Number of protein chains: 2
Amino acid sequence: MNKRTQQREQTRIEILTAAEHIYAVHGFIRPSTQMVAKEAGVAHGTVFLHFQSQEKLILAVIENLGQSLTSQIHESSVPGHSLNEVLQTYLTAIEANESLYTHLIMELPQLPKEAQQTVIGIQSVIAHHLDQVMSQLKKEKKIKDLSFPFLFNTWIGLIHYYLMNRRLFAPHGSVLAVYKDQLIANFITLLEVDCT
Amino acid sequence: MNKRTQQREQTRIEILTAAEHIYAVHGFIRPSTQMVAKEAGVAHGTVFLHFQSQEKLILAVIENLGQSLTSQIHESSVPGHSLNEVLQTYLTAIEANESLYTHLIMELPQLPKEAQQTVIGIQSVIAHHLDQVMSQLKKEKKIKDLSFPFLFNTWIGLIHYYLMNRRLFAPHGSVLAVYKDQLIANFITLLEVDCT
DNA sequence: TCATTTAATGACTCCTTACTCACTGACTGT
DNA sequence: ACAGTCAGTGAGTAAGGAGTCATTAAATGA
């Protein structure tokens with residue numbers, strides 16, 4: 001690989017990284033391509049040399065995030081994980097990309113439809129792992145016998161609610177860092193069949 | 001009241017109603033003031049004759065929604081309501097404004113901070129009623145003894161999740177019309193202390 | 001060494017959109 | 001009846017942002 005293509009690749013990565021930073025802070029919709037160029041330290045036109053359009057740039061960032069999340073979840077998923085461990089794996093993966101992921105789910109309807117596929121992909125991965133461990137626990141009568149979709153939506157809804165209100169729950173940092181364990185513990189208590 | 005002020009008031013209401021329709025369909029951010037003017041059947045400039053700015057118009061619509069929701073909830077709330085009835089009251093009120101309310105919660109961070117106050121106001125009303133009935137049930141050991149904030153957030157998170165994905169769950173109509181009863185029943189089952 | 005290629009630049013065009021204002025004509029009070 | 005008022009109009013202005021392209025200069029290879 002010669003110096004020219006090396007440099008080109010380098011610049012592409014700089015723009016992508018700059019876009020990630022900007023989008024993580026300001027969301028996908030508001031920031032202009034000018035802002036991304038400035039953050040990357042390149043001219044405005046250079047952005048369009050590497051990405052056909054703003055939409056393609058946004059999609060590249062989202063695609064990256066999807067890859068990162070699903071691979072993290074897959075890597076740290078061992079067959080035979082407990083419910084606690086599966087939930088933990090999921091939240092740890094999101095925590096590492098909390099800000100960007102939060103903007104993704106909040107602005108999803110305003111983003112190109114390809115972005116929706118990415119989110120569906122992420123949720124499928126966690127749904128699969130959760131279903132695995134939950135149906136086993138249901139058989140053993142250890143958790144309540146409610147439909148999986150309802151339980152899944154309750155869990156995702158809860159997490160997304162905390163993410164969407166992260167600046168309220170954790171003004172200067174990660175909500176998940178603060179509430180992760182508590183959310184898992186409480187959610188499991190809610191599922192449990194207990195007679196105290 | 002003379003004909004002139006009557007006409008003026010009439011036009012104001014037409015613009016506000018048009019804005020409600022447009023925002024319910026397209027959200028608060030995307031549509032232009034031109035679009036609202038067209039829907040209302042008035043000239044573009046007329047919008048600014050009645051509302052200082054786009055922001056003020058949006059706030060007026062949101063303020064209206066807040067009033068409508070909180071009064072509905074207050075009216076159909078009787079002391080001594082069961083948990084089922086309290087949840088029902090809340091969802092019925094939202095169902096009547098489902099589309100607009102959904103856009104409000106989804107686009108909240110992009111809206112002026114006054115909008116946040118409105119949402120907090122709505123949630124305070126339901127939180128108050130829910131706390132009332134839940135703490136009683138906790139004393140009677142009929143539901144699990146988890147912190148109220150957690151239970152409240154789980155409930156709101158669940159409802160918001162269904163609202164945010166309404167086009168997925170109910171492509172051509174109201175999600176709540178379809179899932180309301182099921183959501184309440186399942187959520188109550190989740191709370192219950194039972195030993196089957 | 002030097003002709004050719006190409007990554008990068010940034011001024012420019014085009015477009016959209018919020019908001020203004022000089023003007024029109026219907027209503028009001030006398 | 002008529003001078004004054006004011007709701008409504010819509011062409012016009014200014015700002016901002018996406019995407020283009022002629023130009024520059026560094027790298028390449030013969």
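Lettering of chains follows the sequences in order, A, B, ..., and the numbering in each one begins at 1. None of the values given here were measured: they were computed from a predicted structure.
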Atom [atom1] of [X] to atom [atom2] of [N]: distance rounded to whole Å?
X     : N      : atom1 : atom2 : answer
A/N2  : C/dT5  : CG    : C1'   : 11 Å
A/K38 : C/dA8  : NZ    : P     : 20 Å
B/M35 : C/dT16 : CE    : P     : 12 Å
B/I29 : C/dT17 : CD1   : C1'   : 14 Å
B/I15 : C/dA18 : CD1   : P     : 14 Å
A/K56 : D/dG19 : NZ    : C1'   : 13 Å
B/I58 : C/dT17 : CD1   : P     : 14 Å
A/L57 : D/dG19 : CG    : P     : 10 Å

Discussion item. Which nucleotide wins on minimum distance to the side chain of B/R4, given the candidates C/dC27, C/dA7, C/dA18?
Written reply: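 Per side-chain heavy atoms of B/R4, the pick is C/dC27.
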Item to complete: Just compare C/dT17, D/dA18, C/dT20 and give me whichever is closest to any side-chain atom of B/S32.
Response: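 Among the listed nucleotides, the one closest to the side chain of B/S32 is C/dT17.
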Practice prompt. Of all the heavy-atom pairs spanning A/V25 and A/S99, show the shortest one and how long it is.
Written response: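 Scanning both residues completely, I find the closest heavy atoms to be N-OG, 4.4 Å.
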Fill in: Heavy-atom neighbours of B/E140 CD exceed 12 at 6.0 Å
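Count over threshold, so yes.
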Practice prompt. Could you check whether the rings of B/Y90 and B/W155 sit parallel, tilted or perpendicular, using 30° and 60° as the cut-offs?
Written response: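 Correct class here is tilted.
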Worksheet item: Between B/F169 and B/Y179, how do the two ring planes meet: parallel, tilted or perpendicular, split at 30° and 60°?
Response: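 Aromatic pair B/F169/B/Y179 classed perpendicular.
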Worksheet item: Between B/E55 and B/T5, which is nearer to the 5' end of DNA chain C once each is assigned its nearest nucleotide?
Response: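 Whichever sits nearer the 5' end wins; that is B/E55.
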Worksheet item: So do A/K138 and A/L151 actually touch side chain to side chain, heavy atoms under 4.5 Å?
Response: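 Yes, their side chains come closer than 4.5 Å.
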Discussion item. Among B/I105, B/L183, B/I184, which residue satisfies the side chain to side chain contact (heavy atoms under 4.5 Å, CB included) criterion with B/I159?
Written reply: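 Among B/I105, B/L183, B/I184, the one that satisfies the side chain to side chain contact (heavy atoms under 4.5 Å, CB included) with B/I159 is B/L183.
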So which protein nitrogen or oxygen atoms get under 3.5 Å of nucleotides 8-12 of chain D's nitrogens or oxygens?
residue: D/dG8; atom: OP1; partner: B/T11; partner atom: OG1; Å: 2.3
residue: D/dG8; atom: OP2; partner: B/H50; partner atom: NE2; Å: 2.7
residue: D/dT9; atom: OP2; partner: B/A43; partner atom: N; Å: 2.9
residue: D/dT9; atom: OP2; partner: B/T46; partner atom: OG1; Å: 2.3

Discussion item. Please evaluate residues B/D131 and B/F152 with respect to the criterion side chain to side chain contact (heavy atoms under 4.5 Å, CB included), reporting the C-alpha separation (whole Å), side-chain torsions for both, the decisive distance (0.1 Å), and the verdict.
Written reply: CA-CA 8 Å; B/D131 194 12; B/F152 180 73; over 6 Å; no
